[in-house]
**Q** 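I'd like to ask you about the structure that follows.
All figures in this text were calculated on a predicted structure; none of them were measured in a lab.
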Amino acid sequence: MTGTIVDVPGVLVGHAQNEETLTGCSVIMLEKPSVCGVDVRGSAPGTRETDLLDPVNLVSVVHAISLSGGSAYGLDAATGVMQYLEEQGIGLDVGYGVVPIVPAAVLFDLAVGDYRVRPDRQMGYEAAQAASRETVAQGNVGAGTGATVGKLNGFGNAMKSGLGTASMILPNGLVIGAIVAVNAVGHVVDPQSGTIIAGPRDEQGTIRDSMEIMRQQAFAPIPPGTNTTIAVVACNAHLSKAEVNKVAQMAHDGLARTIRPIHTMYDGDTIFAVATGEVEASVDLVGALSADVLAEAVIQAVKHAEEAGGLPSYRRYFQEKV
């Protein structure tokens, strides 16, 4: 066990990023086509191929999922993933070649680094090419390269966040994993201790409670273009398309436990759920545990983040080596 999403059999992860311009993308590759669902809770999402995942629609399986920075521009990374898969002969056979099914979601990281440089087709291709079952790198990598949190007191008082992942295995062989890029407007709290581990800072550099700021500024709007947390939860259970959509829905509890506020009008919070189909397990069990694993992945995203773009990270405040 690596403690990352690649512990789920059949799941691979690849990253590509530009560390100078602070943006990147992550690709979750599947060794075999797998059932996929999605649940979008944010009201300003940037997504691709999510309608296809509705249980009433035709295609039940996907070949990869793209998570990217760059706002809507970053959706172009999925095209590079498709190109890579097509070269491998992987995709839905339509009688005239194959069409790889690659759902995607993006976050807004244009406020850090150079907004003119966004994940593109080439970066998506490189991330897909790099996909492996090695322990997944975390922090300022892939889709988390430009991720930040705590922007309710102005972007200059925000903190650096990143990409995180976690996994668990049950005695019956059920494995659940999660990967998440945390780019929240509010703060991140450790649900075990109740400690705010990253969030908006005041003039003295003290981390503040986002909900307290919102109460004090009752009529101040949430800043646009500052939010969105995107994730994939995966398991090796045998689930239907309707059931994986339910898992994606339940997994949002993991975000609600760790990020405040969440699912606002300026968020694009999106969770994909994938089931590779080896183990029998109830959808309720998978959904409940997926929320737990995703919550842990959010914490890891913050703890692994490194200072960048002039913004401090968790380690400056807690001096903890991860």
**Q** Pairing donors with acceptors under 3.5 angstrom, does anything connect the side chains of Asp7 and Ser167?
**A** yes
**Q** State plainly whether one hydrophobic cluster holds both Val62 and Leu85, where clusters connect Ile, Leu, Val, Met, Phe, Trp and Tyr through side-chain heavy atoms under 4.5 angstrom apart.
**A** yes
**Q** Please name the pair of heavy atoms, one in Ala104 and one in Ala78, separated by the smallest distance, quoted to 0.1 Å.
**A** CB-CB, 3.9 Å
**Q** Working to the nearest 0.5 angstrom, can you tell me the gap between Met250 CE and Asp292 CG?
**A** 10.0 Å
**Q** Report yes if the side chains of Leu30 and Val11 come closer than 4.5 Å at any heavy-atom pair, otherwise no.
**A** yes
**Q** Under 4.5 Å between any side-chain heavy atoms of Pro200 and Ile213, yes or no?
**A** yes
**Q** Side-chain contact, heavy-atom cut-off 4.5 Å: Ile259 with Val298?
**A** yes
**Q** Please determine whether residues Val283 and Val232 belong to a single hydrophobic cluster, defined as Ile, Leu, Val, Met, Phe, Trp and Tyr linked transitively by side-chain heavy-atom distances below 4.5 Å.
**A** no
**Q** Any chance you could pull the hydrophobic cluster mates of Leu75, using side-chain heavy atoms under 4.5 angstrom and chaining through other members?
**A** Val106
**Q** Does any N or O in the side chain of Thr165 come within less than 3.5 Å of the main-chain N or O of Ala178, such that one atom is a donor and the other an acceptor?
**A** yes
**Q** Salt bridge between Asp39 and Lys246, side-chain N to carboxylate O under 4.0 Å?
**A** no
**Q** Among side-chain atoms of Thr23 and Asp109, is any donor-acceptor pair under 3.5 angstrom?
**A** yes
**Q** Grab the two heavy atoms, one from Val8 and one from Gly177, that are nearest each other, plus how far apart they are.
**A** CG2-N, 3.5 Å
**Q** Would you say that more than 12 heavy atoms from the other residues, nucleotides or ligands in this model lie under 6.0 Å from the OH of Tyr125, or not?
**A** yes
**Q** Pro45 and Thr270: which non-hydrogen atoms are nearest, and at how many Å?
**A** CB-OG1, 4.3 Å
**Q** Determine whether more than 12 heavy atoms belonging to other residues, nucleotides or ligands lie under 6.0 Å from atom OH of Tyr115.
**A** no
**Q** Name all residues meeting the side chain to side chain contact (heavy atoms under 4.5 Å, CB included) criterion together with Arg260; count only those two or more places apart in sequence or in a different chain, and write none if there are none.
**A** His187, Val189, Met211
**Q** Is the shortest side-chain heavy-atom distance between Val247 and Leu239 below 4.5 Å?
**A** yes
**Q** Not counting sequence neighbours, which residues clear salt bridge (charged side-chain N to carboxylate O under 4.0 Å, His left out) with Arg201? List them please.
**A** none
**Q** For the residue pair Tyr314 and Glu306, confirm or rule out a side-chain donor-acceptor distance under 3.5 Å.
**A** no
**Q** Going by heavy atoms in the side chains, are Thr229 and Asp267 under 4.5 Å from each other?
**A** no
**Q** If the condition is side-chain hydrogen bond (donor to acceptor under 3.5 Å, both in side chains), which residues does Arg215 pass it with, not counting sequence neighbours?
**A** none
**Q** Taking the side chain from Ser26 and the backbone from Ala143, do they hold a donor-acceptor pair closer than 3.5 Å?
**A** yes
**Q** Identify, with sequence neighbours excluded, every residue that meets salt bridge (charged side-chain N to carboxylate O under 4.0 Å, His left out) alongside Glu280.
**A** none
**Q** Is a side-chain N or O of Thr50 found less than 3.5 angstrom from the main chain of Thr47, in a donor-acceptor match?
**A** no
**Q** Pairing donors with acceptors under 3.5 angstrom, does anything connect the side chains of Thr276 and Glu278?
**A** yes
**Q** With a 3.5 Å distance limit and no angle check, can you tell me whether Ser71 reaches the backbone of Tyr73 through a side-chain donor-acceptor pair?
**A** no
**Q** Less than 4.5 Å apart, side chain to side chain, heavy atoms only: is that true for Leu163 and Gln300?
**A** no
**Q** Would a 4.5 Å heavy-atom cut-off, applied to side chains only, mark Val38 and Glu49 as touching?
**A** no
**Q** Side-chain contact test, heavy atoms from C-beta onward, threshold under 4.5 Å: evaluate it for His263 versus His252 and give yes or no.
**A** yes
**Q** How many angstroms lie between OG in Ser282 and CG in Leu174, if you round to the nearest 0.5 Å?
**A** 9.0 Å
**Q** Is Val180 reachable from Leu12 through a run of I, L, V, M, F, W or Y residues, each pair having side-chain heavy atoms under 4.5 Å apart?
**A** no
**Q** Test your reading of the model: is there a side-chain donor-acceptor pair from Ser43 to the backbone of Met265, 3.5 Å cut-off?
**A** no
**Q** Do Arg208 and Gln216 get their side chains close enough for a donor-acceptor pair, meaning under 3.5 Å?
**A** yes
**Q** Using modelled atom types and a 3.5 Å cut-off, is there a donor and acceptor pairing between side-chain atoms of Asn183 and backbone atoms of Phe108?
**A** yes
**Q** Got a second to check how far Leu170's CG is from Asn236's CG, nearest 0.5 Å?
**A** 10.0 Å
**Q** CG/Asn153 to OG/Ser210 distance, rounded to the nearest 0.5 angstrom?
**A** 9.0 Å
**Q** Following the transitive rule for hydrophobic clusters with a side-chain heavy-atom cut-off under 4.5 Å over Ile, Leu, Val, Met, Phe, Trp and Tyr, establish whether Leu58 and Val35 coincide in one cluster.
**A** no
**Q** Closer than 4.0 angstrom, basic N to acidic O: yes or no for Glu307 and Arg316?
**A** yes
**Q** Any side-chain to backbone donor/acceptor pair from Thr195 onto Ile197? Under 3.5 Å, distance only.
**A** no
**Q** How would you list, by chain and number, every residue that makes a ring pair (Phe, Tyr, Trp, His ring centres under 6.0 Å) with His15, sequence neighbours excluded?
**A** none
**Q** Please find the pair of heavy atoms, one from Ala281 and one from Val286, that lie closest to each other, and give the distance.
**A** CB-CG2, 4.0 Å
**Q** Hey, is the main chain of Glu19 close enough, under 3.5 Å, to the side chain of Asn140 for a donor-acceptor pair?
**A** no
**Q** Measuring from Leu107:CG to Leu67:CG, what's the distance to the nearest 0.5 Å?
**A** 8.5 Å
**Q** Is it the case that more than 12 heavy atoms not belonging to Glu134 sit under 6.0 Å from its CD atom?
**A** no
**Q** In the single-linkage hydrophobic clustering (I, L, V, M, F, W, Y; side-chain heavy atoms under 4.5 Å), do Val233 and Ile299 co-cluster?
**A** yes
**Q** Indicate yes or no for a side-chain donor-acceptor contact from Glu126 to the backbone of Met123 under 3.5 Å, with no hydrogens or angles considered.
**A** no
**Q** Could you measure the distance from the CE atom of Met168 to the CD atom of Glu296? Nearest 0.5 Å is fine.
**A** 9.0 Å
**Q** Determine whether a donor-acceptor pair (N or O, by modelled atom type, separation under 3.5 Å) exists between the side chain of Lys160 and the backbone of Gly139.
**A** no
